[in-house]
Amino acid sequence: MHGEDHALFVSALALLLAAVISVPLAKRLGFSPIVGYLLVGIAVGPVGFNVADPSVVSTVAELGVVMLLFLIGLELKPSRLLSMGRYIFGLGTAQLLLSGLAFALLAYFVFGFDLAPAVVSGMALSVSGTAIALQLLNERGDLTTPYGQRAFSILLFQDIAVVPLLALVPILAPGESKLAQDPMAAMLRAGTAIAAITVIVVAGRYLLNPLFRVLARSGAREAMTAAALLVVLGAAGLMQAAGMSMALGAFLAGLLLSESTFRHELEANVDAFRGLLLAMFFMSVGMSLNVAVVVHNIGPLLVGTALVALTKLVVVYFVFRADAIAPQQSALASVVLLSAGEFAFVLFPLGLSTGILQPNQADLLIAMAALTMILGPLLFAAMGRLLPRFARAEPEREADDFSDADGSVLVIGFGRFGQIVSQCLLAEGMGVTIIDNDVEMIQSAGRFGVHIYYGDGTRLEVLRAAGAETCKVICVCVDDKEDANRIVEVVKAAVPGAKLFVRSFDRVHAMELMRLGVDFEIRETLESALGFGGRTLQALGLSAAAANARVADVRTRDRARLERQLEEGIFAAPELLRTRKVEPEPLHTPEKPARPLNAEAQDILSHETEFSG
């Protein structure tokens with residue numbers, strides 16, 4: 001193994017080992033995993049054991065931010081933005097501008113920053129940590145409360161605002177003033193950027209869905225994964241070649257694919273890489289942190305962190321109070337949004353690389369952002385435990401719908417069975433998310449105005465991307481019993497709170513599902529066969545009431561027999577069949593020789609009539 005390869009191997013091994021130890025420890029102490037990643041970076045970097053090269057790690061880690069922006073774009077469907085417009089663009093704009101202005105004034109007048117560094121630091125600190133805030137809201141079950149809904153809307157607006165902020169930083173760089181003196185250079189740069197954006201828009205609108213459709217027909221899962229990475233990295237690389245942010249390109253690609261049939265499959269394929277690379281990104285931030293500067297300026301750092309925290313608490317509190325939110329919930333919202341976001345660790349290094357921030361300024365700002373990440377969860381926990389008046393708020397009776405793409409019911413499989421189930425749900429106005437892995441079926445349904453997402457329901461990451469963790473009921477309507485069993489096992493292990501309604505193939509499969517603990521199962525032919533039998537009885541002279549009563553009796557006995565068979569075996573409870581013992585007629589006459597019987601026929605003739613459908 002060559003020296004460089006050995007160094008890369010040791011770096012990867014050290015990062016993985018440190019993450020395995022420190023991240024669970026950070027969560028155990030109530031901190032965000034981001035704090036654990038930062039500590040890992042410090043421990044393995046030049047300040048600590050010096051077993052990893054920051055330049056090698058950061059080169060790869062930047063892709064984590066690119067993939068995060070792609071996933072944000074996938075989530076921000078245009079229809080969803082419109083339904084949440086009031087909170088997103090009203091409260092979100094107010095919080096970001098007021099916090100950014102307050103922080104910029106603080107940096108300019110108190111810490112002596114110049115105008116450009118003050119603006120960059122102010123906007124970066126005003127963006128809250130989405131991962132931390134959502135974790136706090138979910139732990140208390142407050143996401144559906146009035147303050148939780150508005151906090152989520154603000155986080156959503158901040159995710160959108162990061163894109164123009166990333167584009168704003170290079171414009172504020174000292175060298176950009178030369179563009180004003182050279183109009184041709186400025187026009188050429190603008191034209192190149194517009195051309196790159198046009199290519200991404202056209203490709204996302206007209207080329208990507210046909211490409212994914214062809215790959216889906218091939219059945220090669222690795223090809224779909226490769227295509228997803230190609231889209232993300234290709235869009236990011238194109239924007240970088242045009243002199244703009246890689247993250248902006250990934251965001252545009254995600255936004256254009258947010259309405260795609262293959263959205264959940266793309267999200268599942270990219271998310272695994274995003275998580276690992278984003279973890280490496282935060283580790284690289286910790287590795288590049290100048291601890292010597294932090295220790296030397298520990299006093300100003302602590303004072304600055306306290307001022308930043310107090311400023312954000314006040315601004316967010318009054319923004320929520322202006323929207324008629326109760327004081328207790330406004331205070332909780334201010335603490336939820338206190339922590340700096342992951343994009344602070346993107347904007348500060350970007351400001352440093354463009355010459356806006358000085359190295360000592362960037363080091364202190366990064367350390368300050370990390371301290372707010374530790375302070376926010378601690379303060380939130382203290383408010384919930386020590387102050388009774390901050391008890392969990394009750395959700396609004398008529399909460400706004402924040403998930404037009406993610407319904408309260410997830411239907412897996414859109415064959416004949418799944419179509420009828422979906423019709424019942426949609427006719428009642430239920431929010432339904434439908435996934436299927438049959439491309440032809442998806443295309444056919446699209447012609448009738450039914451939108452189905454492409455995805456393999458046996459994969460946990462696809463189920464999560466489709467919203468399984470927030471669904472009330474998961475309907476498994478696939479026509480393959482092995483796939484159905486696997487989906488049940490995956491959901492039972494990862495989403496134990498969801499109710500499972502499953503289509504079974506026959507009696508044996510029904511018993512397998514009952515043993516797996518599903519909430520409801522039904523054989524795919526049971527009710528249609530009972531209905532058929534009832535109409536046959538009427539045709540033979542029984543009244544409708546008598547026929548329905550006989551069918552109800554058969555249904556009840558069938559269920560009781562199934563439960564007995566579950567405990568005693570397939571041949572249990574023959575008395576519940578209500579059939580006479582089979583007395584087979586002779587299969588031969590003196591004139592005609594008997595035909596040989598196969599083993600299956602012999603078994604049937606040796607037992608009472610056995611129905612296994």
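Just the heavy atoms: all of them, side chains too, but no hydrogens, waters or symmetry mates, feed the values below.
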Asker: By side chain to side chain contact (heavy atoms under 4.5 Å, CB included), which residues pair with Leu460, not counting sequence neighbours?
Answerer: Arg464, Val490, Ala494

Asker: Of all the heavy-atom pairs spanning Ala253 and Val231, show the shortest one and how long it is.
Answerer: CB-CG1, 4.1 Å

Asker: Quick check: are there more than 12 heavy atoms from other residues, nucleotides or ligands sitting under 6.0 Å from CG of Asp114?
Answerer: no

Asker: Which is it for Leu338 and Ser128 under the side-chain contact (heavy atoms from CB on, under 4.5 Å) test, yes or no, and what are the steps along the way?
Answerer: CA-CA 6 Å; Leu338 171 61; Ser128 303; over 6 Å; no

Asker: Would you check if Leu352 and Gln361 make a side-chain contact, meaning some heavy-atom pair closer than 4.5 Å?
Answerer: no

Asker: Working to the nearest 0.5 angstrom, can you tell me the gap between Phe113 CZ and Ser121 OG?
Answerer: 5.5 Å

Asker: Could you tell me the separation between the CG atom of Asn360 and the CG atom of Leu364, rounded to the nearest 0.5 Å?
Answerer: 6.5 Å

Asker: Report the distance from atom CG of Leu125 to atom CZ of Phe348, rounding to the nearest 0.5 Å.
Answerer: 4.0 Å

Asker: About how many Å separate CD1 of Ile325 and CZ of Arg150, when rounded to the nearest 0.5 Å?
Answerer: 3.5 Å

Asker: Taking the side chain from Thr93 and the backbone from Gly90, do they hold a donor-acceptor pair closer than 3.5 Å?
Answerer: no

Asker: Check the side chains of Lys312 and Ser126 for a donor-acceptor pair under 3.5 angstrom, ignoring hydrogens and angles.
Answerer: no

Asker: The test is side-chain contact (heavy atoms from CB on, under 4.5 Å); show your working for Phe103 and Ser99 and say whether it passes.
Answerer: CA-CA 6 Å; Phe103 290 143; Ser99 297; 4.2 Å; yes

Asker: Begin from the C-alpha positions of Val201 and Leu252 and carry the test side-chain contact (heavy atoms from CB on, under 4.5 Å) through to its verdict.
Answerer: CA-CA 8 Å; Val201 170; Leu252 289 175; 5.7 Å; no

